[in-house]
Trainee: 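Mind looking over this structure? Questions follow.
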Amino acid sequence: MTSSFPIFIISLLLIISVSNSQPSFRPDALVLSVRKDASTLQYLTTINQRTPLVPVNLTVHLGGQFLWVDCDNNYVSSTYRPARCRSAQCSLAGSTACGDCFNGPRPGCNNNTCGVFPDNPFTRTATSGELAEDVISVQSTDGSNPGRAVTARNFIFSCAPTFLLNGLARGVTGLAGLGRARIGFPSQFAAAFSFRRKFAICLSSSTGVIFFGDGPYRFLPGLDASASLIYTPLFINPVSTAATFSQGEASTEYFIGVTTIRINNNPISINNTLLTIDSQGNGGTKISTVNPYTLLETSIYRAFSSAYIREAASRNITRVGSVRLRRSMCALVARTLVARGSGRQSRILSCSCGGRMGPFGQSRARTRWFR
């Protein structure tokens, strides 16, 4: 089973060439505001799409392959263009499926078009969808302040039927895929506006922000996160983790190389081979926005839970009742341990992985949880 951890900065190495954008102004970066839905715990954002432009609410999927939207329910646009069979758009999307639709023509249903497989990672549901292009508009930024809106005129996305929205937050009409795919948000924005294939994402318990392009990344006034980043390599899972995929297709999600898990600076004893992705695509550590909590493989969870409880008990931390959730999970959530009346904050858990500290020399990237 793959573990899942929060993510803050992602850098892409994929080089592609796709649609053009406004020639008169090319931003250095783009910004999307993010909000967290209290009911589903999903992160949401909004773009403007179509002609005339309308706001489209989307669930953010960090490892998603591409943008997909519901085209069955009132999709009206004069600039909608289906991707014709064997076109450059189909090739870019890796689509070899080609077919006709006899209930059209309309967005999502046209003859001689190629298709892809939009999926809903929250319900593990996938279906076929028509590949298409349309206008989208997002806000530019200098890293500190919002700038003018800019337009990508031929942004590739997939149509999807209304039922694929099941399990997504109320008011959402699609999914924003930020994954490694050639038609994911980061790759298309980089190609459209000629900036580096890089994005930064910061998510809190209620809000967040996504920057596409170079820094600065000013998440708070006077705080430029790009000046003090700690880096760790990204790894490619050779086996797709999407609900539907072709043999030999790699995952578009992001994996990092966790090497040890420590509690109070003491490594816990685990099967370290589980931390490495094998040839079947199992193992490794995935960073994801799908699960609102950390997931651990069963044997790692048991070792972690036992060690954490022992360490907490040695510090006279009172153990409280379990939290009921949909599945077994990390002891930080399922078996919450809290300090009563101590009035202090101490480090309990850290995870180490190979990395470096920006321009300041070599280091080891480390994620820390505090109680």
Side-chain angles (χ1 to χ4, degrees), residues 1-4 7 10-19 58-69 82-99 108 113-133 155-161 164 174-191 197 199 233-257 274-291 295 297:
M1 177 179 175
T2 298
S3 301
S4 169
I7 174 72
I10 302 252
S11 182
L12 302 180
L13 302 177
L14 187 61
I15 301 176
I16 65 168
S17 176
V18 291
S19 57
L58 305 167
T59 293
V60 175
H61 180 15
L62 182 64
Q65 302 172 82
F66 44 74
L67 166 67
W68 65 256
V69 299
R84 299 301 178 184
C85 295
R86 295 172 292 280
S87 65
Q89 292 85 349
C90 299
S91 177
L92 195 64
S95 172
T96 57
C98 188
T113 57
C114 64
V116 289
F117 295 95
D119 69 341
N120 180 333
F122 300 92
T123 59
R124 295 295 294 175
T125 305
T127 187
S128 59
E130 181 176 271
L131 195 69
E133 293 179 330
F155 198 90
I156 300 172
F157 72 104
S158 172
C159 279
L164 203 60
L175 185 142
L178 307 185
R180 304 171 61 97
R182 294 185 294 173
I183 58 171
F185 268 47
S187 296
Q188 288 207 70
F189 282 146
R197 290 157 296 279
F199 72 96
L234 294 173
F235 293 85
I236 297 177
N237 188 329
V239 179
S240 176
T241 49
T244 302
F245 60 93
S246 303
Q247 186 173 3
E249 183 180 343
S251 174
T252 61
E253 298 197 83
Y254 300 102
F255 291 79
I256 57 174
L274 296 172
L275 301 177
T276 303
I277 303 170
D278 64 23
S279 60
Q280 303 301 311
N282 300 313
T285 302
K286 179 174 69 177
I287 43 183
S288 173
T289 53
V290 174
N291 296 306
L295 298 178
E297 187 273 341

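Residue indices begin at 1 and follow the sequence shown. None of these values were measured; they are calculated from a predicted model.
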Trainee: Is the side chain of Asp119 donor-acceptor paired with the backbone N or O of Pro121 at a distance under 3.5 Å, no angle test?
Mentor: no

Trainee: Using 0.5 Å steps for rounding, measure from the CG atom of Asn237 to the OH atom of Tyr254.
Mentor: 14.0 Å

Trainee: Donor-acceptor check, side chain of Thr125 to backbone of Thr123, threshold 3.5 angstrom: yes or no?
Mentor: yes

Trainee: Can you tell me if the gamma sulfurs of Cys90 and Cys114 sit closer than 2.5 Å?
Mentor: yes

Trainee: Could you state the interatomic distance from OG1 (Thr244) to CZ (Arg124), rounded to the nearest 0.5 Å?
Mentor: 8.5 Å

Trainee: So that I know where these two stand, are Phe117 and Phe245 an aromatic pair - ring centroids less than 6.0 Å apart?
Mentor: no

Trainee: Out of curiosity, His61 NE2 to Thr252 OG1, how far, rounded to the nearest 0.5 Å?
Mentor: 6.5 Å

Trainee: Using side-chain heavy atoms (C-beta onward) and a distance below 4.5 Å, is Ile277 in contact with Pro238?
Mentor: yes

Trainee: For the backbone of Ala83 and the side chain of Thr113, can you confirm whether one donor and one acceptor N or O come within less than 3.5 Å of each other?
Mentor: no

Trainee: Please find out if less than 6.0 Å separates the ring center of Phe66 from that of Phe155.
Mentor: no

Trainee: Please find the pair of heavy atoms, one from Ala243 and one from Ala126, that lie closest to each other, and give the distance.
Mentor: CB-CB, 3.8 Å

Trainee: Do you know the tightest heavy-atom contact between Gly281 and Val239?
Mentor: N-CG2, 3.6 Å

Trainee: Test side-chain contact (heavy atoms from CB on, under 4.5 Å) on Ile256 and Leu234; report intermediate values, then the result.
Mentor: CA-CA 5 Å; Ile256 57 174; Leu234 294 173; 4.0 Å; yes

